[in-house]
Amino acid sequence: QVQLMESGGGLVQAGGSLRLSCAASGTIFNGNVMAWYRQAPGKQREFVAVTGSGGRARYADSVKGRFTISVGNAKNMVFLQMSSLKPEDTAVYYCAAVRGWGTVEEQRSWGQGTQVTVSL
């Protein structure tokens, strides 16, 4: 299992940008893909973005074209660059190391989350 810790959340005006970071206890992509999820109060946690060791990525329709997931050169950090932020992006953002993505054996290791608040 991978231990993860998010940082970089905060308060930002609508239309602004924010960069989230997720530090891993060791080298990521040891059989995992790395993903970002978010959860707003009273709502279920939802998928935001995912990337694998090959560098390909996919995004939720709600963030596509605005958010970018990337991995640091040392491969022990994953980032989420968020641009053109909207109030509906307000949520606690979580990073996850996912083993067996899209399979019945799927397992996730979660960070503790970082709060992103987008004001009007």
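For clarity, every value in this text was computed on a predicted model and none was experimentally measured. Along the sequence shown, residues carry numbers from 1.
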What donor-acceptor contacts under 3.5 angstrom involve side-chain atoms of residues 39-48, with partners at least two apart or in another chain?
{"residue": "Q39", "atom": "OE1", "partner": "R45", "partner atom": "NE", "Å": "3.4"}
{"residue": "Q39", "atom": "OE1", "partner": "R45", "partner atom": "NH2", "Å": "3.4"}
{"residue": "Q39", "atom": "NE2", "partner": "K43", "partner atom": "O", "Å": "3.1"}
{"residue": "E46", "atom": "OE2", "partner": "R38", "partner atom": "NE", "Å": "2.7"}
{"residue": "E46", "atom": "OE2", "partner": "R38", "partner atom": "NH2", "Å": "3.2"}

Donor-acceptor contacts under 3.5 Å from residues 112-120 side chains, at least two apart:
{"residue": "T114", "atom": "OG1", "partner": "G9", "partner atom": "N", "Å": "3.1"}
{"residue": "Q115", "atom": "NE2", "partner": "A91", "partner atom": "O", "Å": "3.4"}
{"residue": "Q115", "atom": "NE2", "partner": "T117", "partner atom": "OG1", "Å": "3.4"}
{"residue": "S119", "atom": "OG", "partner": "Q13", "partner atom": "OE1", "Å": "3.4"}
{"residue": "S119", "atom": "OG", "partner": "Q13", "partner atom": "NE2", "Å": "2.9"}

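Taking each heavy atom of V78 and C95 in turn, the nearest pair found is CG1-CB, 4.5 Å. Closest approach of L18 to G10, counting heavy atoms only: CD2-N, 3.8 Å. Looking at every heavy atom in both residues, M77 comes nearest to S21 through CE-CB, 3.8 Å. Closest approach of S84 and S17 over heavy atoms only: N-OG, 4.4 Å. W101 approaches A35 most closely through the heavy-atom pair CZ3-CB, 4.3 Å. Counting all heavy atoms, side chain and backbone alike, M34 lies closest to L4 at CE-CD2, 4.0 Å.
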S83 vs Q81, side chain to side chain contact (heavy atoms under 4.5 Å, CB included): CA-CA, chis, key distance, verdict: CA-CA 7 Å; S83 300; Q81 178 66 49; 4.1 Å; yes

Walk me through it: do R66 and D89 pass the test side chain to side chain contact (heavy atoms under 4.5 Å, CB included)? CA-CA 11 Å; R66 300 188 298 120; D89 295 319; 2.8 Å; yes

Any chance you could lay out the side chain to side chain contact (heavy atoms under 4.5 Å, CB included) test for M82 and L20, step after step, and finish with the verdict? CA-CA 8 Å; M82 305 183 294; L20 305 183; 3.7 Å; yes

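At least one donor-acceptor pair closer than 3.5 Å links the side chain of Y59 to the backbone N or O of I69. Without hydrogens or angle criteria, T51 side chain to R56 main chain gives a donor-acceptor distance under 3.5 Å.
When the side chains of ILVMFWY residues are joined at heavy-atom separations under 4.5 Å, either directly or via intervening members, F67 and V92 end up in two distinct hydrophobic clusters. Cluster membership for V98 and Y94, using ILVMFWY side-chain heavy atoms within less than 4.5 angstrom, is shared. By the criterion of side-chain heavy atoms lying less than 4.5 angstrom apart, applied directly or through intervening Ile, Leu, Val, Met, Phe, Trp or Tyr residues, V2 is grouped together with V71 in one hydrophobic cluster.
The salt bridge (Lys or Arg N to Asp or Glu O under 4.0 Å) contacts involving residues 74-88 comprise nothing, where partners must be two or more places apart or lie in separate chains.
Evaluated for a ring-ring contact (aromatic ring centres under 6.0 Å, His included) with W110, the options W36, Y37, Y93 yield exactly one hit, Y37.
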